[in-house]
There are 2 protein chains.
Amino acid sequence: MKIGEFSKKSGCSIQTIRYYEREGLLLNPNRSEGNFRLYDSKALKQLEFVKHCRSLDISLNDTKRLLELKNKPEESCSSVNALIDQQLALVNKRMKELRALKAELQQMASACGSNNTIEACGIIKSLDS
Amino acid sequence: MKIGEFSKKSGCSIQTIRYYEREGLLLNPNRSEGNFRLYDSKALKQLEFVKHCRSLDISLNDTKRLLELKNKPEESCSSVNALIDQQLALVNKRMKELRALKAELQQMASACGSNNTIEACGIIKSLDS
DNA sequence: CTTGACTCTATAGTTACTATAGGATTTATA
DNA sequence: TATAAATCCTATAGTAACTATAGAGTCAAG
């Protein structure tokens with residue numbers, strides 16, 4: 001299939017597909033007579049793997065590492081495990097940050113007092129301190 | 001004070017300060033004879049306001065809007081309020097996403113089974129499906 | 001008067017894409 | 001069969017919010 005169909009089947013934009021290729025996350029596909037990229041179902045599987053990693057917020061670099069590891073089936077999976085643990089730690093850290101953000105934003109929202117002038121607004125006051 | 005001291009007092013890097021100036025988040029400071037930027041305590045207050053906004057993940061664009069609103073003390077603060085509410089919605093959305101991420105990552109981590117080969121690793125399997 | 005610390009501007013790099021310009025190729029229609 | 005429309009190609013620039021570098025100028029101390 002050509003890139004248009006590949007794009008629709010995978011749910012990735014054409015530009016993103018070409019970008020992934022440049023970055024080494026997709027193998028260079030065969031080309032048609034007129035230099036069009038031609039993909040098969042194996043390429044589709046690989047792209048779906050990448051998409052799954054990205055949906056977990058795993059960076060392209062780490063995704064690339066996972067792809068490489070995937071091609072060494074006999075090696076120990078400890079580095080795979082470490083990578084996921086690290087990703088989990090990252091998510092936990094960000095969640096903690098967001099909880100703090102949320103608390104402060106809520107407090108600010110309730111400090112507004114509505115229908116105030118900006119001068120009297122509790123939000124601006126708390127941002128200013 | 002010159003930019004070095006301003007940087008230390010504010011906790012912003014020198015490059016970031018110059019960047020904020022270019023982006024209109026800090027007023028153009030006076031310059032010394034030799035063209036060095038000179039800051040006063042008012043500038044420091046403004047930078048701290050910006051830092052506070054950024055610590056709440058408010059975009060530079062929105063921060064700029066808040067600064068502009070701050071200079072119109074008699075206007076209604078409803079747009080300030082709306083901006084904070086919107087930021088809160090954004091934080092809530094991201095938290096929800098992260099909770100889902102966390103759940104999947106945890107499941108994957110526990111599916112690894114440790115000391116496996118990559119071929120048998122539950123993580124790679126689940127990324128592949 | 002020179003060394004070193006500090007500052008200046010302008011530019012490029014970061015991440016993960018998205019968007020555009022300017023062509024070439026293929027497919028569908030007249 | 002001619003041409004128009006759809007699809008594809010590469011190369012380049014833009015996004016957010018910085019960070020890092022190069023190459024040069026300024027200033028205080030020894």
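Numbers restart at 1 for each chain; the letters A, B, ... are given by sequence-line order, proteins then strands. Computed from a predicted structure; not experimentally measured.
- Straight-line distance from the CD atom of B/Glu33 to the P atom of D/dT26: 10 Å, rounded to whole Å.
- Residues B/Ser76 and A/Thr117 fail the side-chain proximity criterion, which asks for heavy atoms closer than 4.5 Å.
- Using a 4.0 Å cut-off between a side-chain N of Lys or Arg and a carboxylate O of Asp or Glu, A/Lys93 and A/Glu97 qualify as a salt bridge.
- A/Met1 and A/Tyr20 end up in the same hydrophobic cluster when Ile, Leu, Val, Met, Phe, Trp and Tyr side chains are linked at under 4.5 Å.
- The residue B/Tyr20 sits close only to the backbone: its heavy atoms come under 4.0 Å of sugar-phosphate atoms, none of a base.
- Comparing B/Arg37 and A/Ser13 along DNA chain C, the residue whose closest nucleotide (by nearest heavy atom) sits nearer the 5' end is B/Arg37.
- The phosphate of D/dT10 (OP1 or OP2) has no side-chain N or O of A/Arg18 nearer than 4.0 angstrom.
- Residue B/Leu60 is the one, among B/Leu60 and B/Ser32, whose nearest nucleotide of DNA chain D lies closer to the 5' end (criterion: closest heavy atom).
- If you measure from atom CZ of B/Arg22 to atom P of C/dT11, you get 11 Å, rounded to the nearest angstrom.
- Considering only the side chain of A/Phe36, C/dT25 comes nearest among C/dT18, C/dT25, D/dA17.
- For the pair A/Ile17 CD1 and C/dT18 P, the interatomic distance rounds to 11 Å; values are reported in whole Å.
- The interatomic distance linking B/Lys51 (NZ) with D/dA17 (C1') rounds to 15 Å, in whole Å.
- Using a 4.0 Å cut-off, no side-chain N or O of A/Tyr19 falls inside it from OP1 or OP2 of C/dT15.
- Atom NZ of A/Lys2 and atom C1' of C/dT27 are 8 Å apart (whole Å).
- Using a 4.5 Å heavy-atom threshold, the side chains of B/Gln87 and B/Asp57 count as touching.
- Contact annotation: B/Arg31 side-chain N/O to C/dT9 OP1/OP2 distance is under 4.0 Å.
- The nearest whole Å value for the distance from the CD1 atom in B/Ile14 to the P atom in C/dT9 is 12 Å.
- Nearer the 5' end of DNA chain D, as judged by each residue's closest nucleotide, is the contact made by B/Asp57, out of B/Asn35 and B/Asp57.
- With hydrophobic clusters built from ILVMFWY side chains whose heavy atoms lie under 4.5 angstrom apart, A/Tyr19 does not share a cluster with A/Phe36.
- For B/Leu38 and C/dC6, the CG to P distance is 16 Å, given to the nearest whole Å.
- Note: CD (B/Glu23) to C1' (D/dG14) measures 13 Å, nearest angstrom.
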